2 protein chains.
Amino acid sequence: MTALFLVDDHELFLAGVLSEMGPEFEIAGSASEVDEAIDAIRASEPDVVLIDVHMPGGGGVRVVADVLSTHPDIRFLALSVSDAPEDVIAMIRAGARGYVTKSIAPAELSASVRRIAEGDAVFSPRLAGFVLDAFGRQIPTPIDPELDLLTPREQEVLRHIARGFAYKQVARKLNISIKTVETHVSSVLRKLQLSSRHELAVWASDRDIV
Amino acid sequence: MTALFLVDDHELFLAGVLSEMGPEFEIAGSASEVDEAIDAIRASEPDVVLIDVHMPGGGGVRVVADVLSTHPDIRFLALSVSDAPEDVIAMIRAGARGYVTKSIAPAELSASVRRIAEGDAVFSPRLAGFVLDAFGRQIPTPIDPELDLLTPREQEVLRHIARGFAYKQVARKLNISIKTVETHVSSVLRKLQLSSRHELAVWASDRDIV
DNA sequence: CCGTCTATCGGGTACATCCCTGAGTTGACC
DNA sequence: GGTCAACTCAGGGATGTACCCGATAGACGG
């Protein structure tokens with residue numbers, strides 16, 4: 001049976017969720033304060049933690065990040081009144097595997113917890129679109145036609161320049177002379193119609209060349 | 001009742017899914033080939049399309065991207081034997097709202113379709129972790145505590161440097177002397193523990209400072 | 001009133017970078 | 001065997017950067 005831990009600073013809400021989820025899951029414990037929650041979750045090692053986002057003392061984000069650093073197998077489902085993009089992103093970055101709003105029906109909530117326990121990602125309808133849109137925008141096409149203009153060696157030099165290395169460092173890493181690095185960079189600048197290594201660095205980071 | 005459209009180049013598999021999903025959903029149609037699928041989906045305008053990833057003639061990615069360009073409200077659930085990261089990313093980028101493997105149980109599949117119809121994102125357990133990991137890595141924190149170390153003027157200079165401008169150009173844009181720009185950059189480098197404007201450009205672009 | 005912070009400049013030095021010309025080596029292709 | 005592209009390296013000059021020294025002026029708070 002899935003062991004569930006609850007965290008929410010509203011005691012009344014906590015009691016409500018406890019009574020709804022009690023028959024379905026093994027309640028490993030509950031907490032209404034951040035530091036208390038971190039310690040209790042570490043001690044009870046539940047399968048899933050249902051956690052409020054907005055709480056005094058760092059909020060749910062701190063609990064998730066903190067616990068995951070020592071117990072990466074515990075899964076977190078964020079439960080919040082807010083559907084603000086910043087909150088969702090913060091929780092996902094911290095490591096939450098799902099995010100639902102408090103307006104959810106009890107039956108839907110227990111179904112969501114079960115899915116999280118199985119390893120699925122769960123998002124409320126309105127959030128799913130936002131999360132996937134952001135995800136899609138953030139993964140750019142790795143191929144660029146202009147990159148084909150460059151020879152393999154030139155691309156290799158370009159990648160090092162893009163990381164912020166000086167010519168001297170690039171030369172040492174590739175076991176070639178500084179003068180050779182200069183030659184390659186000059187070719188790259190000419191082929192890409194750029195005028196300085198600074199513009200080149202911007203050009204490269206825009207295309208995630210690392 | 002949710003209108004469902006099926007696309008799969010394996011006729012036998014298509015027939016199996018049809019018989020399983022038939023009682024639960026209104027079957028808007030089905031197709032076993034890419035171009036045929038695009039036309040038929042546009043004509044029938046279903047709520048959800050269950051689509052195979054690997055198909056001759058461009059695969060499911062082409063169908064999703066093509067149909068969404070004219071019908072952005074149709075939702076796609078990818079169904080594949082592959083759980084390769086490239087396939088998953090390609091389908092998400094194209095606009096699919098979910099991705100499950102063909103080893104899924106029929107009951108789970110119909111539940112997934114229902115969730116997709118409601119607007120949720122659905123992923124198989126093994127894929128959920130991968131998608132969220134990639135998502136977390138790709139969304140940087142927009143606010144950075146180290147930026148508060150810099151004075152407003154220093155941040156302004158930093159933004160120009162991050163765009164690849166030379167000191168001379170920055171000076172002209174801000175109507176100050178080159179020497180002043182040098183002073184500001186020096187302060188920024190010292191405060192951020194960096195050693196050259198090249199590293200600074202990388203630092204800035206990592207944080208989307210533009 | 002005085003200290004600190006911020007923003008503004010300058011001189012001067014050491015080094016990095018950009019650009020030019022020139023030149024030797026491979027390997028592929030005809 | 002000649003051509004060509006890619007890769008390698010060098011000299012040298014013009015410009016850009018990093019960092020040291022210094023200075024002035026305004027704002028703000030104790």
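Throughout, a chain's letter reflects where its sequence line sits, starting with A, and its residues are numbered from 1. Everything numeric in this text was worked out from a predicted model, so none of it was measured.
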So, is B:His198 close to the C:dT17 phosphate, meaning a side-chain N or O under 4.0 Å from OP1 or OP2?
-> yes

d(CD1, B:Ile161; C1', D:dT17) in whole Å | 10 Å

For the pair made of CG in B:Leu200 and C1' in D:dT17, what is the distance, rounded to whole Å?
-> 12 Å

Does the side chain of B:Val49 come within less than 4.5 Å of B:Pro46's, by heavy atoms?
-> yes

Strictly by modelled atom types, are A:Ser195 and A:Glu199 linked by a side-chain donor-acceptor pair under 3.5 Å?
-> yes

Indicate for each nucleotide in nucleotides 7-14 of chain C, in 5' to 3' sequence, whether protein heavy atoms under 4.0 Å reach the base (B), only the sugar-phosphate (S), or nothing (-).
-> SBBSBB--

Side-chain touch B:Leu189/B:Ser196, heavy atoms, less than 4.5 angstrom | no

From the candidates C:dC19, D:dG16, D:dC19, the one with an atom nearest any side-chain atom of B:Leu189 is D:dC19

Who pairs with B:His160 by ring pair (Phe, Tyr, Trp, His ring centres under 6.0 Å), at least two apart in sequence or on another chain?
-> none

Rounded to whole angstroms, how far apart are CZ on A:Arg197 and P on C:dA16?
-> 12 Å

Could you tell me the separation between the CZ atom of A:Phe165 and the P atom of C:dT17, rounded to a whole number of Å?
-> 13 Å

Please give, in whole Å, the distance from C:dC5 P to B:Gln155 CD?
-> 18 Å

Side-chain ion pair, A:Arg159 and A:Glu156, N-O less than 4.0 Å = no

Decide yes or no for B:Glu33 and B:Asp9: does some side-chain heavy atom of the first lie under 4.5 Å from some side-chain heavy atom of the second?
-> no

